Amino acid sequence: MGADIVVNEGTPSAEWMQSNYRQWEPIGMTGYDGSKHATMTEFAGTFDGDMHTISGVYYVTDIRYGGLFVGTATTATIKNLKLENSYFKENFAGYSYFGGLVGSTKGTIDTIYADITVDANSSAVGGIIGGFRASGCKVNDCWFAGTVTNINAGRQIHGGVAGYAYGATATIANCLNTGTISTNATGANWIGGIIGGPESSTVTIENCLNVGLIQQTANHTANFGPIYGHYAGTAPTLK
């Protein structure tokens, strides 16, 4: 990027859809099938924001998977980007990967700042990354300062930096959450400041900090943690 990009002016809100604001089309999305599952061409190159800011992004959908990028390949790197004053909402009630920056990643995410709203009805939700989907995923120097909310009645797996890791290996290093991660869902929730659920995966979390608010407003016992919410299978390695 050679300059900041403002997609829409004003304060992000649900009312944007009723105005003349432009709806974002996730990078790499080619359509969706009959079950509302996104079809995509995974971004496979390098996106360098050069520390510029993308703001005013508005994306409301009922399709599974989504974010600024819908998905990235193992060869992909997204780095040096600020994402601010933006609104991402997914109305798909079920299993999905949904994040502010990228829905599902198989590659590297490096030096990202996100102060945005991510509001989802799906199961795997992250302020920056919805979920990891391959071996060797890397996240470094990322800071989430916005809000993640989730209202799905089923199992909720969401976190400030990332939502879910299943059958993947990932290293999350030097990351910070100062945002608010909350749900009023009544399912078996896994909620973490850095990652919600490193389930059945090998995840290393190194030199990460959460000072944000993590809360559940519904009357249900949930698995909360300042770093991760819960795991099934292999416990994450903390350093």
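All values derive from a computational prediction rather than experimental measurement.
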What side-chain donor-acceptor pairs closer than 3.5 Å can you find for residues 46-54, not counting sequence neighbours?
unit_1 : atom_1 : unit_2 : atom_2 : d
Asp48  : OD1    : Asp50  : N      : 2.8
Asp48  : OD1    : Asn80  : ND2    : 3.0
His52  : ND1    : Asp4   : OD1    : 3.3
His52  : NE2    : Gly2   : O      : 3.4

Worksheet item: Looking only at heavy atoms, which two atoms of Phe144 and Thr147 are closest? And how far apart?
Response: CZ-N, 3.4 Å
Practice prompt. Only one of Ile112, Asp115, Ile116 passes side chain to side chain contact (heavy atoms under 4.5 Å, CB included) with Leu83; say which it is.
Written response: Ile116
Worksheet item: Side chains of Tyr58 and Val7: closer than 4.5 Å at any heavy-atom pair?
Response: no
Worksheet item: Considering only heavy atoms from C-beta outward, does the side chain of His158 approach that of Ile191 to under 4.5 Å?
Response: yes
Item to complete: Look at the aromatic rings of Phe98 and Tyr59 and report parallel, tilted or perpendicular, splitting at 30° and 60°.
Response: parallel
Practice prompt. Sequence neighbours left out, what passes salt bridge (charged side-chain N to carboxylate O under 4.0 Å, His left out) with Lys106? Give chain and number order.
Written response: Glu42
Worksheet item: Taking 4.0 angstrom as the limit, do Lys79 and Asp110 come out as a salt bridge?
Response: no
Worksheet item: So among Glu90, Lys89, Met29, Glu25, which one has a side chain to side chain contact (heavy atoms under 4.5 Å, CB included) with Thr61?
Response: Glu90
Worksheet item: Would a 4.5 Å heavy-atom cut-off, applied to side chains only, mark Asp119 and Tyr87 as touching?
Response: yes
Worksheet item: Are Thr39 and Thr30 linked by a side-chain donor-acceptor pair shorter than 3.5 Å?
Response: yes
Fill in: Flag if over 12 foreign heavy atoms under 6.0 Å of CH2, Trp143
no
Discussion item. Would you say that Ile172 contacts Phe132 through its side chain, given a criterion of any heavy-atom pair below 4.5 Å between the two side chains?
Written reply: yes
Worksheet item: Are there more than 12 heavy atoms of other residues, nucleotides or ligands under 6.0 Å from atom NZ of Lys36?
Response: yes
